[in-house]
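Inspection log for the structure reproduced underneath, given as structure tokens.
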Number of protein chains: 2
Amino acid sequence: MKPDVLRGHLDALLLATLDGRRLHGYAIIEALQLRSGGALDLPTGTVYPALRRLERAGYVSSEWSTVSGRQRRTYHLTKAGQRALVQERTAWREFTAAIEGVLGEGPWPAQA
Amino acid sequence: MKPDVLRGHLDALLLATLDGRRLHGYAIIEALQLRSGGALDLPTGTVYPALRRLERAGYVSSEWSTVSGRQRRTYHLTKAGQRALVQERTAWREFTAAIEGVLGEGPWPAQA
DNA sequence: TTCCAACCCGTAGACTCGCTACGTATGAAG
DNA sequence: CTTCATACGTAGCGAGTCTACGGGTTGGAA
């Protein structure tokens with residue numbers, strides 16, 4: 001998978017992963033792998049900065065906890081994050097509809 | 001529509017638009033608008049450099065022609081471009097499958 | 001006949017953001 | 001005591017889309 005195709009969709013992915021769950025960064029990466037059937041294997045250098053960005057934006061919130069000597073920062077969605085997720089899902093549908101209208105088979109569906 | 005979501009998908013869009021057609025840049029932009037139901041309104045500063053990139057890559061080829069005093073550069077797919085388009089469509093399906101596996105409803109489909 | 005919209009091409013530079021490469025640390029297994 | 005999985009993070013790069021220009025023609029409206 002080309003690297004750039006993720007551009008602009010990562011936020012949606014992270015928000016969706018946190019929908020109804022509390023996860024720490026590392027677990028988010030694993031969840032993404034699992035849910036995408038292995039297609040999405042995001043490096044930490046992609047995910048951690050993105051989570052901080054979402055936190056600055058007020059879409060997620062986090063707390064530190066120590067589990068068996070390991071520091072982990074657990075994230076969860078805020079109310080604003082929930083709303084953002086709804087919008088992201090809508091934007092995704094619009095996006096795919098637009099692309100598929102073009103990619104869709106054959107020269108021309110209807111000659112307007 | 002956020003600007004970045006197009007990232008990495010523009011080539012597929014352009015190749016698909018030229019599939020079985022000879023079009024000049026301006027016409028490509030209009031075709032994209034039409035086929036996407038108005039969702040895709042790409043600026044010339046996006047399309048022209050992208051077309052030149054595709055031409056350098058050998059996926060499209062172009063000739064100049066003069067239509068009623070106007071210079072236009074008409075593009076068409078090469079053999080390599082045809083093959084690239086097939087790959088782009090496959091990549092698109094894989095991409096959407098991966099994203100939708102994550103965005104898809106609810107907390108978890110199956111707790112592995 | 002003057003003006004403006006539509007047509008048509010193009011480049012320079014900014015900006016964004018995912019990725020590479022790196023650094024730190026703990027716990028368990030070998 | 002070394003190595004691997006777990007777990008966090010940053011700095012800087014790179015690629016590609018967008019903004020903002022600039023150039024030129026045609027045709028119709030005012």
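In what follows, every chain begins at residue 1, and chains take the letters A, B, ... in the order their sequences are listed.
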Whole-Å gap separating [atom2] ([N]) and [atom1] ([X]):
{"X": "Arg70(A)", "N": "dC4(D)", "atom1": "CZ", "atom2": "C1'", "answer": "11 Å"}
{"X": "Glu55(B)", "N": "dC9(C)", "atom1": "CD", "atom2": "C1'", "answer": "14 Å"}
{"X": "Leu40(A)", "N": "dC19(C)", "atom1": "CG", "atom2": "C1'", "answer": "14 Å"}
{"X": "Glu30(B)", "N": "dA6(C)", "atom1": "CD", "atom2": "C1'", "answer": "9 Å"}
{"X": "Tyr26(A)", "N": "dG9(D)", "atom1": "OH", "atom2": "P", "answer": "14 Å"}
{"X": "Leu13(A)", "N": "dC17(C)", "atom1": "CG", "atom2": "P", "answer": "15 Å"}
{"X": "Leu10(A)", "N": "dG18(C)", "atom1": "CG", "atom2": "C1'", "answer": "8 Å"}
{"X": "Lys2(B)", "N": "dT19(D)", "atom1": "NZ", "atom2": "C1'", "answer": "19 Å"}

Requested in this report: Return the minimal non-hydrogen interatomic distance between Gly81(A) and Leu15(A), and the atom names on each side.
Outcome: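 Closest pair (atom of Gly81(A), atom of Leu15(A), distance): O-CD1, 4.3 Å.
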Query raised in the report: Do you know which two heavy atoms are closest between Ala16(B) and Arg21(B), and how far apart they sit?
Result: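 For Ala16(B) versus Arg21(B), the nearest heavy atoms are O-NH2, 3.3 Å.
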Query raised in the report: Counting side-chain heavy atoms from CB outward, which of dA5(D), dC9(C), dG9(D) is closest to Trp64(A)?
Result: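 Within the option list, the nearest is dG9(D).
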Requested in this report: Select one nucleotide: of dG18(C), dG24(D), dC9(C), the one nearest the side-chain heavy atoms of Arg73(B).
Outcome: dC9(C)
**Report entry** Parallel, tilted or perpendicular, as decided by the 30° and 60° cut-offs, for the rings of His24(B) and Tyr26(B)
**Finding:** parallel
Query raised in the report: Do the rings of Phe95(B) and His9(B) sit parallel, tilted or perpendicular, given the 30° and 60° boundaries?
Result: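 Because their plane-to-plane angle lies in the 30° to 60° range, the rings of Phe95(B) and His9(B) count as tilted.
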Report task. On DNA chain C, check which nucleotide each of Asp11(A) and Ser68(A) is closest to and give me the residue with the more 5' one. Result -> Asp11(A)
Query raised in the report: More 5' along DNA chain D: Asp4(A) or Val67(A), using each one's nearest nucleotide?
Result: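 First, find each residue's nearest nucleotide; the 5'-ward one identifies Val67(A).
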**Report entry** Tyr59(B) atom OH, neighbour heavy-atom count above 12 within 6.0 Å
**Finding:**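 Result for OH/Tyr59(B): open.
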Query - Any N/O donor-acceptor pair, Arg7(A) side-chain to dT16(C) base, under 3.5 Å - result: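 Such a pair exists between side chain and base.
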Query - Close approaches to DNA chain C from residues 42-54 of chain A, in residue order (heavy atom, under 4.0 Å) - result: Pro43(A), Gly45(A), Thr46(A), Arg53(A)
Query raised in the report: Is the shortest distance from a Lys or Arg side-chain nitrogen in Glu88(B) or Arg83(B) to a carboxylate oxygen in the other one below 4.0 Å?
Result: no
Requested in this report: Check whether Val86(A) and Leu14(A) end up in the same hydrophobic cluster, where Ile, Leu, Val, Met, Phe, Trp and Tyr are linked by side-chain heavy atoms less than 4.5 Å apart.
Outcome: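 No, separate clusters.
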